[in-house]
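This report refers to the structure that appears directly beneath it.
Just so it is clear: chains get the letters A, B, ... in the order the sequence lines come, proteins before strands, and each one is counted from 1.
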There are 2 protein chains.
Amino acid sequence: MSEALTDRQQQVLDFIQAYQREHGVAPVLREIQQHFGFASPFSVQRHVDALAQKGALHRLAGKARGLLHPAHHPGDSALIRIPLYGIIPAGLPTANEQEADSHISVDATSLGVRPDAKLFALRVRGDSMLGAHIVENDVVFLTPREPRPRDIVAALIDGESTLKRFLLQRGRPFLHAENPRYPDLLPATELIIQGVMVGLLRTGAA
Amino acid sequence: MSEALTDRQQQVLDFIQAYQREHGVAPVLREIQQHFGFASPFSVQRHVDALAQKGALHRLAGKARGLLHPAHHPGDSALIRIPLYGIIPAGLPTANEQEADSHISVDATSLGVRPDAKLFALRVRGDSMLGAHIVENDVVFLTPREPRPRDIVAALIDGESTLKRFLLQRGRPFLHAENPRYPDLLPATELIIQGVMVGLLRTGAA
DNA sequence: AAAACTAGTGTTCAATTGAACACATCATGT
DNA sequence: ACATGATGTGTTCAATTGAACACTAGTTTT
């Protein structure tokens, strides 16, 4: 479907990509013109037209800076900025992202979540979820929502948040630590479920 | 440092964010105006000015669609784009990122690597590294460099890349699968080490 | 040699779009 | 009462910027 690009077209495409990364917005036709030293904006115009026709570029006709990389497509490369808490404070960490220790940026599609998902992250302490292959210092991504059975959740127990697996037994919710050294079942009533695990990031090797 | 936003300013900021996600470019002042039903573009202008002054928004003065999220800042978020391969082909996957299945964007600091690090990613097949708490469908991040003892490496064995732990025994390099069901030691000579694991991303819960 | 394609020049026009000013309203606090 | 600030209206201006046309030149294809 997408025909091969000519050398010049590839160069223009590369420049647009680089410009977007550096400035956060698409370049204007005249900026491309300047970069290549063209004497006329029309040269750029036709290269861009060609790129759009070959599907290598999506553009918003008539709109300023409407050059969009297919890769940078709506939704596609939507980065989400996830606040990382050492210990999740009591209450839901919704509004005040300021108090986060730091932030992690990941693109939504790689994490398999919606681009507008409200996530927060928690650094794992201890080995209570070793059986689920979650080790100390792992960073788990969580989203506040109602847990479903077998979800891994962050629950607030004794003022500290802990990772547990959310289970149903005889129709009643329980929390289960995936490590035989920990109490097997805790009644999940009266407990605050802060979030459901949707992903994990580990740095370094094991 | 950043003062509190008024209700209206927050609404405007939210709209800009939503618009960017949906269209890939920032909205134009008049588009914001329409969305809120303002009769005058100047209202928007002052909200945006206020947002910029409070640091909630970065803008390119005079440029069309120059409304930038601080999160989307240039330089600030040293994002690295990591090509994800299903199966790493023979040879080092350096230049041709084009053949990657997809890309994952993560900020370098969160991964604990240098911003100019050349990484690639590999989706884990099988359970050969279960002992290191790496499970099927995990995505491991690797960098091409000389392995050190106890590093987890991707090695090319029989035309397929496999994760193993790199060990020294009696001064000689060996590869070790962290799973008793797999052959314990393989001589690491004559094998191509494609990369050393520097991180891991898991989507979904366990 | 003719046709087709890529690349570029010079120029013009109009739509898009950011910026500015003066004035009005409402709430808040002094 | 008075000042202050947030919010909104109407209007005007100028810079930014995409789109178009006519013409030239080199290369490849037919």
Side-chain angles (χ1 to χ4, degrees), chain A residues 1-20 22-70 72, chain B residues 1-20 22-70 72:
Chain A
M1 166 203 124
S2 65
E3 309 170 42
L5 304 182
T6 67
D7 288 353
R8 226 19 171 177
Q9 286 165 5
Q10 184 65 52
Q11 287 173 27
V12 172
L13 187 59
D14 289 344
F15 173 72
I16 294 174
Q17 195 166 6
Y19 188 102
Q20 273 190 328
E22 187 170 351
H23 296 87
V25 289
V28 130
L29 292 190
R30 278 166 180 82
E31 285 166 338
I32 305 175
Q33 174 196 345
Q34 276 190 26
H35 175 264
F36 287 98
F38 292 154
S40 162
F42 190 55
S43 298
V44 179
Q45 190 175 320
R46 229 176 352 195
H47 285 139
V48 169
D49 282 345
L51 285 169
Q53 199 176 9
K54 290 182 180 177
L57 198 64
H58 181 243
R59 70 186 320 207
L60 311 173
K63 305 295 179 63
R65 296 178 187 274
L67 303 175
L68 290 179
H69 232 262
H72 270 252
Chain B
M1 167 205 119
S2 64
E3 309 170 43
L5 304 182
T6 68
D7 288 352
R8 222 26 169 176
Q9 286 164 8
Q10 185 65 52
Q11 287 173 26
V12 172
L13 186 60
D14 288 344
F15 174 71
I16 294 174
Q17 196 166 4
Y19 187 102
Q20 275 190 326
E22 187 170 351
H23 296 88
V25 289
V28 132
L29 292 191
R30 279 168 180 81
E31 286 165 337
I32 306 176
Q33 173 197 345
Q34 275 191 25
H35 175 264
F36 288 98
F38 292 154
S40 163
F42 190 53
S43 297
V44 180
Q45 189 173 323
R46 230 175 353 199
H47 285 140
V48 169
D49 282 346
L51 285 169
Q53 197 175 11
K54 290 181 180 177
L57 199 64
H58 181 244
R59 69 188 319 209
L60 311 173
K63 306 295 179 62
R65 298 178 186 272
L67 303 175
L68 289 178
H69 251 258
H72 277 267

Practice problem: Nearest whole angstrom, please: distance from the P of C:dT17 to the CD1 of B:Ile32. | Solution: 12 Å
Quiz item: In whole angstrom, what separates B:Leu29's CG from D:dA15's P?
Solution: 17 Å
Quiz item: Is there side-chain contact between B:Arg8 and B:Arg46, with at least one heavy-atom pair below 4.5 Å?
Solution: no
Quiz item: Of all the choices, C:dT17, D:dA19, C:dA19, which nucleotide is nearest to the side chain of B:Ala64 once you look at every atom?
Solution: C:dT17
Quiz item: Which parts of nucleotides 5-10 of chain C does protein reach within less than 4.0 Å, heavy atoms only, written one letter per nucleotide 5' to 3' as B for base, S for sugar-phosphate only and - for none?
Solution: -SBBBB
Self-check item: Minimum heavy-atom distance A:Ala26-A:Leu67, with the two atoms named
Solution: CB-O, 3.1 Å
Practice problem: Give the rounded distance in Å between these two atoms: NZ of B:Lys63 and C1' of D:dG18. | Solution: 16 Å
Quiz item: Rounded to the nearest Å, what distance is computed from the CD atom of residue B:Gln33 to the C1' atom of nucleotide D:dT9?
Solution: 10 Å
Practice problem: Mind calculating the distance between NE2 (B:His35) and C1' (D:dG8) to the nearest angstrom? | Solution: 17 Å
Self-check item: Donor-acceptor side-chain pairing of A:Gln10 and A:Asp14 below 3.5 angstrom
Solution: yes
Self-check item: Divergence of helical axes at both termini of the helix from C:dA1-D:dT30 to C:dT30-D:dA1 - five pairs an end, 10° steps
Solution: 30°
Quiz item: Roughly, in whole Å, what's the span from CD1 in A:Ile16 to P in D:dT17?
Solution: 15 Å
Practice problem: Name the orientation class of the two ring planes belonging to B:Phe38 and B:His47 (parallel below 30°, tilted from 30 to 60°, perpendicular beyond 60°). | Solution: tilted
Self-check item: Pairwise side-chain contact, B:His23 with A:Lys63, heavy-atom cut-off 4.5 Å (strictly under)
Solution: no
Quiz item: Looking just at side-chain N and O atoms, do B:Arg30 and B:Gln33 make a donor-acceptor pair shorter than 3.5 Å?
Solution: no
Practice problem: Can you tell me the distance, in whole Å, between the CZ atom of B:Arg30 and the P atom of D:dT11? | Solution: 14 Å
Exercise. Write down the atom of A:Ala52, the atom of A:Arg59, and the distance for their closest heavy-atom approach.
Key: CB-CD, 3.8 Å
Self-check item: Distance in angstrom units between B:Asp49 CG and D:dG8 P, rounded
Solution: 15 Å
Quiz item: Is the closest side-chain heavy-atom distance between A:Leu57 and A:Val12 below 4.5 Å?
Solution: no
Quiz item: Just by modelled atom types, is the B:Val25 backbone N or O under 3.5 Å from a matching donor or acceptor in the A:Arg65 side chain?
Solution: no
Quiz item: Just checking A:Ala50: base, sugar-phosphate only, or nothing, at a heavy-atom cut-off of under 4.0 Å?
Solution: nothing
